[in-house]
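Structure first, commentary second.
Predicted, not measured: the structure shown is a model, and the values here were computed from it. Read the numbers this way: they start at 1 and go in the same order the structure lists the ligands and their atoms.
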Amino acid sequence: MTQHSASPISVVTGGAGFLGSHLTDRLLAEGHYVIVIDNFITGSPHNLQHLAGHERFQFIRQDVTEYIFVPSHVDYVWHFASPASPIDYLELPIPTLKVGSLGTHNALGLAREKKAAFLLASTSETYGDPLVHPQTEDYWGNVNPVGPRGVYDEAKRFAEAITMAYHTFHNMDTKIVRIFNTYGPRMRLRDGRVVPAFINQALTNAPLTIFGDGSQTRSFCYVSDLIDGIYRLMMSHYHKPVNIGNPCEMTIKEFGEAILKLIPTQSTIEFKKLPVDDPKVRQPDITLAKKILSWEPVVHFDEGIKKTIDYFRSKI
Ligand code: UDP
């Protein structure tokens, strides 16, 4: 590592995941030395294979709920490790709780030991099934702690609380990003989330599975926009939570219809039971991010979704 001593050193937990791997690419492009830690519980080595042999890249296979040891100096810790799709945290409830609590504690401990800045990847799920719309950072949320999504929502709410405690009690430089629905290449084809699900179904002529009547809304952000907002947040001096997402809101039915227009397919629409506690609406209020980070999304839905469809086409 000595020959790169001029490079800032970043540790990315969950760096083999969808967002973590895009963040790793961005950090390498910014000249960082990047140490990724991942146990592949939901991430994949494929997301990092293009970095094999990169002189500023190092990989450690580890579960971050165990003590994290990094011998070198560290400047930034980006804590992205967590299952993040509703079917993942239904299948992995305890690992989801552990990585949000014990994993965040360990990642904060590493940052404290190294006097590094720390960024927590939090989530719009901290707002639960929101009663305020669009969601502003000062809204405390409407979460069912014992429902199926509680394992993720409450783990992330705990993660925010412990991050703020390290900021106030240990005087650490911490950041909290609340990530809204994001899409793009490297999502898992079968991770159950609506973007890969509908694209996969349309590409294979299977019916599009709309849960409920499809009137629930989401607001989809292209991954490069999201990573840019997160990078700016880490480099800022703002310590309270910041929403990063695209406010362009649509119903799930509208999203399905858009996919059917964009992909030549025999697929029809099939309505299925709405999962328990599925949020009825979701849209980020990004006034704060615009103001403090001079950030807003620039990739239009049509452009981002075409790139994502091309990616999934190459994977089928
Ligand atoms: N959804 C759907 N069909 C699917 C997968 C998801 O209608 O095959 C709906 C889901 O019920 C939710 C929305 O799409 O209302 C977004 O779901 P996703 O799993 O992508 O993430 P969430 O925003 O709920 O965390």
What about the rings of Phe59 and Phe40, do their centers lie closer together than 6.0 Å?
yes
For residues 132-154, pull every pair meeting salt bridge (charged side-chain N to carboxylate O under 4.0 Å, His left out), keeping only residues two or more places apart or in separate chains.
Glu125-Arg149, Arg149-Asp278, Glu154-Arg157
For Ser219, does its backbone N or O pair with a side-chain atom of Glu249 as donor and acceptor, under 3.5 Å?
no
Quick one, Gln201 with Thr209, criterion side-chain hydrogen bond (donor to acceptor under 3.5 Å, both in side chains). Give me CA distance, side-chain angles, the key distance, then yes/no.
CA-CA 8 Å; Gln201 288 159 349; Thr209 52; 2.9 Å; yes
Specify the protein heavy atom at minimum distance from atom 7 (O) of ligand 1: its residue, its atom name, and the distance to 0.1 Å.
Phe211 N, 2.7 Å
Would one find more than 12 heavy atoms of other residues, nucleotides or ligands at under 6.0 Å from atom NE2 of His239?
yes
Are His22 and Ser224 close enough that a side-chain donor and a side-chain acceptor fall under 3.5 Å?
no
Look at ligand 1 and say whether Arg282 reaches it with a heavy atom at a distance under 4.0 Å.
yes
Best match, Thr217, Val194, Asn200: closest heavy atom to atom 14 (O) of ligand 1:
Val194
With heavy atoms of Asn181 as the reference, note each atom of ligand 1 found under 4.0 Å away.
21 (O), 22 (P), 23 (O)
Taking the six-membered ring for Trp, is the centroid-to-centroid distance between Phe255 and Phe198 below 6.0 Å?
yes
Partner set under ring pair (Phe, Tyr, Trp, His ring centres under 6.0 Å) for Phe180, not counting sequence neighbours:
none
Under-4.0 Å heavy-atom contact with ligand 1, by part of Gln216 that carries it:
side chain
Quick one: nearest non-hydrogen protein atom to atom 16 (C) of ligand 1, plus distance?
Arg218 NE, 3.6 Å
Reported CD1-to-CD1 distance for the pair Ile179 and Ile230, which is rounded to 0.5 angstrom
4.0 Å
Could a heavy atom of Phe198 be found less than 4.0 Å from some atom of ligand 1?
yes
Tell me whether Pro86 reaches ligand 1 (any heavy atom closer than 4.0 angstrom to a ligand atom).
yes
Atoms of ligand 1, numbered as shown, that sit under 4.0 Å from any heavy atom of Glu125:
25 (O)
In terms of residue, atom name and distance, what is the protein heavy atom nearest to atom 11 (O) of ligand 1?
Asp278 OD2, 2.6 Å
List every atom of ligand 1 that sits less than 4.0 Å from any heavy atom of Ile252, numbering the atoms from 1 in the order shown and giving each element.
7 (O), 13 (C), 14 (O)
Identity and separation of the nearest protein heavy atom to atom 3 (N) of ligand 1:
Thr209 O, 2.5 Å
Which of the ligand 1 atoms, numbered from 1, are nearer than 4.0 Å to a heavy atom of Ala197
8 (O)
Give the atoms of ligand 1, by number and element, whose distance to some non-hydrogen atom of Ile210 is under 4.0 Å.
7 (O)
Answer yes or no: does atom NE2 of His300 have more than 12 heavy-atom neighbours from other residues, nucleotides or ligands under 6.0 Å?
no
I need the atoms of ligand 1 closer than 4.0 Å to a non-hydrogen atom of Arg149, numbered in the order shown.
22 (P), 24 (O), 25 (O)
